[in-house]
Enquirer: 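Got a structure for you, written out below as C-alpha cells; questions coming shortly.
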Amino acid sequence: MAQTSVEVQPLYDTGQLNIPVAEPGSDEKVGHQMIARGRHLARQDLWTQLSQEMLAADQTRKTAPCGQPIAELLAYGARSDVVLAVEHALSEGVAFDDYDLLCGISELETELQDHPDDPMIGLVVALAHIDLAWAWRGTTREGTSHPQHWSRCAAHFDRAAALLPKCRAAAPDSPLVAAVECALLAGQSRAQTRVADKYERLIGLDPHNHRHMRAMGSHLLPRWFGSYAELELQALRTAARTHDVWGAGGYTWVQFDAIALDDEACARVDVDYFIEGLHDIVKRRPDQQMINLLAAYCAITLQQGAGQNEQADQARAQICAAADWLIRDHLTELHPLIWAHAADGFNNSVRIPSAERFAARGHRDALRAIADLFRDELHSGKSVTFTPSGLQFSRN
C-alpha cells in the first residue's frame, strides 16, 4: 500500500487530503495473470491442463477481485491469440478469404476434435466463435456494412450455439456454460423471450457474483431484449431470489448499469429500494474493492448524462448522494483503476492504451470527487486523513 498526500490548495484556502492508495494495478493483477496463464497453456498445447484448471475454477466459483470468473479469464487467454489476429486482420481491411481469418479458429476446432467430450475446451471454442462473430459485426447495424460481414457473424454465432448442448449435457451445473448461453442471446432471434430465463439460471448457479445480475439488467433494456417493465419485474424477482446473499442488493445490481445507460430506466427506478440495496451490499461485502466500486458509481458514473430527463435527474441526485456515506463511513483506501473505469461507465470494451495514464486519470477523478465532498472541512483549514479505523480530522 502506497500513501499519497494530496494538497487541495488550488480549490480551497487551506486543508490537505490524505488517503492511502492501493498498489497500481493490484485490482487487475490477478485477472491479467489468469489471462496469461490461459494463453500460455494454449500455446504449449497443454489443453488437458487448461481444462482441469478451468473446471476447478468453475466448480468453486472462483473470481478475480473485480468479480470476473477465473474460468472465463482462462478461457479468454486460451483463445486470445486467435481472436486478436482476426480483429487485427479485419481492422486492416484484409480480404475476406484471407487464410489468417480462418486458420486460428480451425486449429481450435481441431483441438475440440481431439477432446470431443471435454466441456471446458468446447466452451473455449464456442467463446472464440462468439468473439469472432462480434469482430465481423463490429459496431455497425445490419444493412449498413458489407453483407458478407453479417453472413460471417451469423455463421460464428450458429457454430457457437451448436457446441453448447454437448457442453451443457457434460456440465449441467456450470456457471460458465450458463454465461456462454447468455452471451449467445445476442446472435439469436426472439431472444427477448428467453433472456430473463437464461440469466435467472446463471444467477441461480452463481448468486454471489454481481456481474451476472448487472449484465441481465443491461440486456433487459429496450435497446437489447427487454422493456422497462420487464427490467423492473426481473430486478424485484432477483432481489427475492438472492435475498439470503444480497438482501435488497439484488434489485440494485440488476438496475446498476441499466439506469446509468438509460435515462428512462433511471426515471422509473425505485430509488428507496435501490438505496436500501446499496446498504445491504455494503453490509455483506464491506471490502475496499466493493466500496470503491459503489462510491465511484455514485460519484462519477451516475452523474454523467444529467440534464436530459428531469425525472431521471431527480432519481440520479438521490442515488448519487449515497457517495457521501459510502466515502465518509466506509472508504479507507483508493483504488484508482476502479474510478477510471467508472468514468467510462464500466465499459469492458474500452481500449486502454496506457494502464498508467488510465490509473492516473482515475486517481485525479477520485481525489476531485472526495475533495468536493469535504469542501467545508478543507476550506476551514482541516486536514482529512483516511485510516483503517475511520476518518481523522486535524488542523494544519
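Every heavy atom of this structure was used, including side-chain atoms; hydrogens, water molecules and symmetry mates were not. Note that the structure is predicted; figures quoted are calculated from it, not measured.
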Enquirer: If I compare all heavy atoms of Ala126 with all of Val180, which pair ends up nearest, and what's the gap?
Expert: CB-CG1, 4.4 Å
Enquirer: Would you tell me whether His335 and Glu333 have side-chain atoms, one donor and one acceptor, within less than 3.5 Å of each other?
Expert: yes
Enquirer: Start with the C-alpha distance between Ser218 and Leu261, add both sets of side-chain angles, then the distance that settles side-chain contact (heavy atoms from CB on, under 4.5 Å), and finish with yes or no.
Expert: CA-CA 8 Å; Ser218 296; Leu261 289 167; 3.8 Å; yes
Enquirer: Look at the side-chain heavy atoms of Ile, Leu, Val, Met, Phe, Trp and Tyr, link any pair under 4.5 Å apart, and say whether Leu233 and Val271 land in one connected group.
Expert: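 Hydrophobic grouping puts Leu233 apart from Val271.
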Enquirer: Assess the side chains of Gln234 and Tyr251: does a donor N or O sit below 3.5 Å from an acceptor N or O?
Expert: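 Note: Gln234 and Tyr251 side chains miss the donor-acceptor criterion.
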Enquirer: Using 4.0 Å as the upper bound for N to carboxylate O, is an ion pair formed by Glu53 and Arg37?
Expert: yes
Enquirer: Answer yes if the side chains of Tyr199 and His212 hold a donor-acceptor pair under 3.5 Å, and no otherwise.
Expert: no
Enquirer: Taking all non-hydrogen atoms of both residues, which atom of Ala371 and which atom of Leu378 are closest, and how far apart?
Expert: O-CD1, 3.7 Å
Enquirer: Do the side chains of Met213 and Leu205 join up, straight or via other hydrophobic residues, at under 4.5 Å, putting them in one cluster?
Expert: no
Enquirer: Nearest 0.5 angstrom please: Thr238 OG1 to Ile203 CD1, how far?
Expert: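 With rounding to 0.5 Å, OG1 (Thr238) is 4.5 Å from CD1 (Ile203).
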Enquirer: Hey, is the main chain of Leu176 close enough, under 3.5 Å, to the side chain of Asp58 for a donor-acceptor pair?
Expert: yes
Enquirer: Roughly how far, to the nearest 0.5 Å, is the OG atom of Ser174 from the CG atom of Leu123?
Expert: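 If I round to the nearest 0.5 Å, the distance is 6.0 Å.
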Enquirer: With a 4.5 Å cut-off on side-chain heavy atoms, are Arg357 and Arg361 touching?
Expert: no
Enquirer: To the nearest 0.5 angstrom, please state how far the CG atom of Leu293 sits from the CG atom of Asp287.
Expert: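 Rounded to the nearest 0.5 Å, the CG-CG separation comes out at 9.5 Å.
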Enquirer: A side-chain contact here means heavy atoms from C-beta on lying under 4.5 Å apart; do Cys298 and Leu278 qualify?
Expert: yes
Enquirer: Are any side-chain N or O atoms of Arg328 and backbone N or O atoms of Leu373, one a donor and one an acceptor, separated by less than 3.5 Å?
Expert: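 Checked: pair present.
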Enquirer: Closer than 4.0 angstrom, basic N to acidic O: yes or no for Arg79 and Glu111?
Expert: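 Result for this pair is no, no salt bridge flagged.
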Enquirer: Can you give me the closest heavy-atom contact between Ala306 and Asp313, atom names plus distance?
Expert: CA-OD1, 3.5 Å
Enquirer: Check whether any side-chain heavy atom of Trp339 sits under 4.5 Å from a side-chain heavy atom of His363, and report yes or no.
Expert: no
Enquirer: Run the salt-bridge test on Asp263 and Arg268 with the 4.0 Å N-O cut-off and return the result as yes or no.
Expert: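 Arg268 and Asp263: not salt-bridged.
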Enquirer: Taking the six-membered ring for Trp, are Phe274 and Phe256 parallel (under 30°), tilted (30 to 60°) or perpendicular (over 60°)?
Expert: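 The arrangement is parallel - the two ring planes meet at less than 30°.
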Enquirer: Side-chain contact, heavy-atom cut-off 4.5 Å: Asn209 with Arg61?
Expert: no
Enquirer: Without swapping roles, check the side chain of Thr301 against the backbone of Ala342 for a donor-acceptor pair under 3.5 Å.
Expert: yes
Enquirer: Could you tell me whether the side chain of Thr242 and the main chain of Val245 form a donor-acceptor pair under 3.5 Å?
Expert: no
Enquirer: Below 30° counts as parallel, above 60° as perpendicular, anything between as tilted: where do the rings of Phe374 and Phe393 land?
Expert: tilted
Enquirer: Might you work through the side-chain contact (heavy atoms from CB on, under 4.5 Å) test for Gln311 and Cys266, ending with a clear yes or no?
Expert: CA-CA 8 Å; Gln311 192 172 353; Cys266 189; over 6 Å; no
Enquirer: To the nearest 0.5 angstrom, please state how far the SG atom of Cys320 sits from the CG atom of Leu326.
Expert: 11.0 Å
Enquirer: Of the non-hydrogen atoms in Leu236 and Tyr273, which two are nearest, and what is the gap between them?
Expert: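 Shortest heavy-atom separation between Leu236 and Tyr273 comes out as CD2-CE2, 3.7 Å.
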Enquirer: Give me the atom names and distance for the closest heavy-atom approach of Leu184 to Ala160.
Expert: CD2-CB, 3.7 Å
Enquirer: State yes or no: are the ring centers of Trp253 and Trp246 separated by less than 6.0 Å?
Expert: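 They qualify: ring centres under 6.0 Å apart.
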Enquirer: Given side chains that start at C-beta, do those of Leu73 and Thr63 come closer than 4.5 Å, heavy atoms only?
Expert: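 A side-chain contact is absent here, since even the closest heavy-atom pair is not under 4.5 Å.
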Enquirer: Cation-pi between Arg39 and Tyr76: NZ/CZ under 6.0 Å from ring centre and within 45° of the ring axis?
Expert: no
Enquirer: From Asp158 CG over to Leu163 CG, what is the distance, rounded to the nearest 0.5 angstrom?
Expert: 11.0 Å
Enquirer: Quick one: are Asn18 and Val384 in side-chain contact, heavy atoms under 4.5 Å?
Expert: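 No, every pair of side-chain atoms sits at 4.5 Å or beyond.
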Enquirer: Not counting sequence neighbours, which residues clear side-chain contact (heavy atoms from CB on, under 4.5 Å) with Gln52? List them please.
Expert: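 side-chain contact (heavy atoms from CB on, under 4.5 Å) check on Gln52 returns Thr48, Gln49.
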Enquirer: Centroid-to-centroid, Phe157 to His129, below 6.0 Å?
Expert: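 Ring-ring flag for Phe157/His129: false, centres at least 6.0 Å apart.
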Enquirer: Decide yes or no for Glu377 and Ser383: does some side-chain heavy atom of the first lie under 4.5 Å from some side-chain heavy atom of the second?
Expert: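 The answer is no, as the side chains (C-beta and beyond) never meet within the 4.5 Å cut-off.
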Enquirer: Is any side-chain heavy atom of Asp262 less than 4.5 Å from a side-chain heavy atom of Tyr228?
Expert: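 Yes, their side chains come closer than 4.5 Å.
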Enquirer: Can we call the ring centroids of Phe346 and His341 under 6.0 Å apart?
Expert: no
Enquirer: With sequence neighbours left out, what residues match Asp280 under side-chain contact (heavy atoms from CB on, under 4.5 Å)?
Expert: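 Here the qualifying residues are Ala248, Glu276, Lys283, Arg284.
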Enquirer: Rounded to the nearest 0.5 Å, what's the gap from CG on Leu391 to CG on Asp329? Could you check?
Expert: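 Spacing of CG (Leu391) from CG (Asp329) equals 8.0 Å.
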Enquirer: Take the angle between the ring planes of Trp325 and His279 and call it parallel below 30°, perpendicular above 60°, tilted in between.
Expert: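 Geometry flag for His279 against Trp325: parallel rings.
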Enquirer: Assess the side chains of Gln68 and Glu72: does a donor N or O sit below 3.5 Å from an acceptor N or O?
Expert: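 Side chains of Gln68 and Glu72: pair found under 3.5 Å.
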Enquirer: Over all heavy atoms of both residues, which pair between Ala183 and Ile130 is shortest? Give the atoms and the distance, please.
Expert: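 Closest approach of Ala183 to Ile130, heavy atoms only: CB-CD1, 4.1 Å.
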Enquirer: Does the pair Arg368/Asp365 count as a salt bridge with the N-to-O cut at 4.0 Å?
Expert: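 Between Asp365 and Arg368 there is a salt bridge, with a charged N closer than 4.0 Å to a carboxylate O.
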Enquirer: Check the pair Lys166, Asp117 against salt bridge (charged side-chain N to carboxylate O under 4.0 Å, His left out), reporting the backbone distance first and the verdict last.
Expert: CA-CA 8 Å; Lys166 194 170 185 178; Asp117 299 318; 3.6 Å; yes
Enquirer: Does either side chain, that of Arg316 or that of Gln303, offer a donor lying less than 3.5 Å from an acceptor on the other one?
Expert: no
